[in-house]
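All chains are named by letter (A, B, ...) in the order of the sequence lines, taking the proteins before the strands, and each is independently numbered beginning at 1.
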2 protein chains.
Amino acid sequence: MPIVKKTYKDQVVDYVYQLLLTNELGPGDQLKESLLAEQMGISRAPIREAMKELIMNGLVDYRPQVGNFIPVLSPKQIVDSYTTRGVLEGYAVMETCDQFSAEEVDKLENLTEQMENYADKKNHKMVIEAGGEFHDLLISKNNNVQLLEYTDRLSLKLHILFFKYLGKLYGPSEVGRRHREIVESVKSKDLGLIEKVIRQHYVETGSKIAIL
Amino acid sequence: MPIVKKTYKDQVVDYVYQLLLTNELGPGDQLKESLLAEQMGISRAPIREAMKELIMNGLVDYRPQVGNFIPVLSPKQIVDSYTTRGVLEGYAVMETCDQFSAEEVDKLENLTEQMENYADKKNHKMVIEAGGEFHDLLISKNNNVQLLEYTDRLSLKLHILFFKYLGKLYGPSEVGRRHREIVESVKSKDLGLIEKVIRQHYVETGSKIAIL
DNA sequence: TCGATGTCTAATGTCGACATTAGACATCGA
DNA sequence: TCGATGTCTAATGTCGACATTAGACATCGA
């Protein structure tokens, strides 16, 4: 079993991400290098390097010589990010819709049912997990590395919002409906419909979160 | 006239980018922190921070504890990046096609003629400049900040390739045709056509560069 | 001759210290 | 009272030094 090598920078990125997911850090909060360094028992050098990465992923707002802050996203920024995510995933799935086997389509339907069931039980964590699996499978046929990279990058950011607001967004049957729509469009192999449905799937979520 | 503040990190990013554009740095080359630091007369700290940014923009390949290298892009990676760029721009333009004034459409046509003329004179630098202006105007109506950010990021990478190969890609009349197609699609206000034409515009370039 | 092991070093990862700057707050004068 | 100016400091930007590691190359034994 090989040792997993991880620089301090990578561990800092993960740590800060967890703080964001668990709401220990939120919009407007400042990330002070010295404080984080002290908390983690390391020097500021890897902290600063981690900051650069979080900045590039839109998870931190950097004000030169002032400080690093957790972004306060405007409703428009939220919608913009979700919209962009939808454009990327819509295209990715549209391009590969003829590559899904019957088993895989079944799997998508199954995950949709799981999401609805978990939502019914108000198990948001599992809704998100099944949802992640759903979208991962959906996009898995596309191997455009650039598109997948940008999709993943955006997911980091949007996952925080989604994690925070899921309970307030959709009822159980809505959760089911929204994902069944996607599965139906994939089954239809109607390229225009696939992109339209997936884009709308994201715009809908972005718009809802934007008004919370 | 305000002083333009620029950290060493930003200057390093710019410097390395220039080396890439002018082919003083190319695929497979290693970027050694100490060497760059020495060349620029600064410490390694801002060099390392610049590296992180270049890595996030796909301009540097980072191998932990081994070194930083200029990526050798496979044909597939080239096509993937161009394709992704086309998906983003296609959507951006499709969404705003009804916001172009007659003057702006004229401007696009004018820039197309300029590109053709410069290509005729083999003035690649000016072809690129007019082309940049063309695509900037095209996308200028869309104010989706996330989408524009990703488009800009991708442009950094693709600009290097384009700059390097432009002379080998298209004859003057092809340069004109390709851009006129875009303008005609915008004038048609046929949403599906706009996305299709712009996507193809990028896929065509990516595919051509990929076989060079 | 070839695979295993050892050695060395160039390059990166991280450290603690120092320099610089933005912004908060105090002071002063009109 | 309010705008201009001054002061101070917390936070970032950068420095040079030291620790660690991957990989190149040498050596050795089967």
Only pairs with both distances under 3.5 Å count, Watson-Crick or wobble alike; so what is the partner of C:dG16 in this structure? D:dC15
Under-4.0 Å side-chain N/O to phosphate OP1/OP2 contact, B:Ser43 with D:dC15: yes
Salt bridge flag under 4.0 Å for residues A:Glu149 and A:Arg153: yes
Provide the Watson-Crick or G-U wobble partner of C:dC28, both distances under 3.5 Å; none if there is no partner. D:dG3
Gap between atoms OH and C1', on A:Tyr8 and D:dA19 respectively (whole Å): 11 Å
Salt bridge between B:Lys52 and A:Glu53, side-chain N to carboxylate O under 4.0 Å? no
Report the distance from atom CD of B:Gln65 to atom C1' of C:dT9, rounded to the nearest whole Å. 15 Å
Between atom CE in B:Met40 and atom P in D:dC15, what is the gap in whole Å? 11 Å
Reckon A:Arg48 has a side-chain N or O less than 4.0 Å from the OP1 or OP2 of D:dG13? yes
What integer distance in Å separates B:Ile47:CD1 from C:dT14:P? 18 Å
What is the distance from CG of B:Asp10 to P of D:dT12, rounded to the nearest Å? 16 Å
Between A:Lys5 and B:Arg44, whichever has its closest DNA chain D nucleotide further toward 5' is B:Arg44
When all nucleic acid strands are considered with a 4.0 Å heavy-atom cut-off, which category describes A:Arg63: base, sugar-phosphate, or nothing? sugar-phosphate
On DNA chain C, compare the nucleotides closest to A:Pro64 and A:Thr7; which residue's is nearer the 5' end? A:Thr7
Tell me which one of B:Glu116, B:Gln200, B:Glu204 satisfies side-chain hydrogen bond (donor to acceptor under 3.5 Å, both in side chains) with B:Arg178. B:Glu204
Between D:dG16 (P) and B:Ile42 (CD1): distance, integer Å: 11 Å
Whole-Å distance separating the NZ atom of B:Lys52 from the P atom of C:dG13: 5 Å
Base paired to C:dG23 (Watson-Crick or G-U; both N/O distances under 3.5 angstrom): D:dC8
A:Glu38 atom CD: more than 12 heavy-atom contacts under 6.0 Å: no
Pick out which of B:His135, B:Glu89, B:Arg85 makes a side-chain hydrogen bond (donor to acceptor under 3.5 Å, both in side chains) with B:Ser155. B:Arg85
Is the ring pair A:Phe134/A:His179 parallel, tilted or perpendicular, if the boundaries are 30 and 60 degrees? perpendicular
DNA chain D contacts among residues 24-39 of chain B, heavy-atom distance under 4.0 Å: none
Please determine whether a side-chain nitrogen or oxygen atom of B:Tyr62 lies at a distance below 4.0 Å from atom OP1 or OP2 of C:dG13. yes
Does B:Glu195 pair with A:Arg199 as a salt bridge, N-O distance under 4.0 Å? yes
Whole-Å distance separating the CG atom of A:Asn68 from the P atom of D:dA10: 18 Å
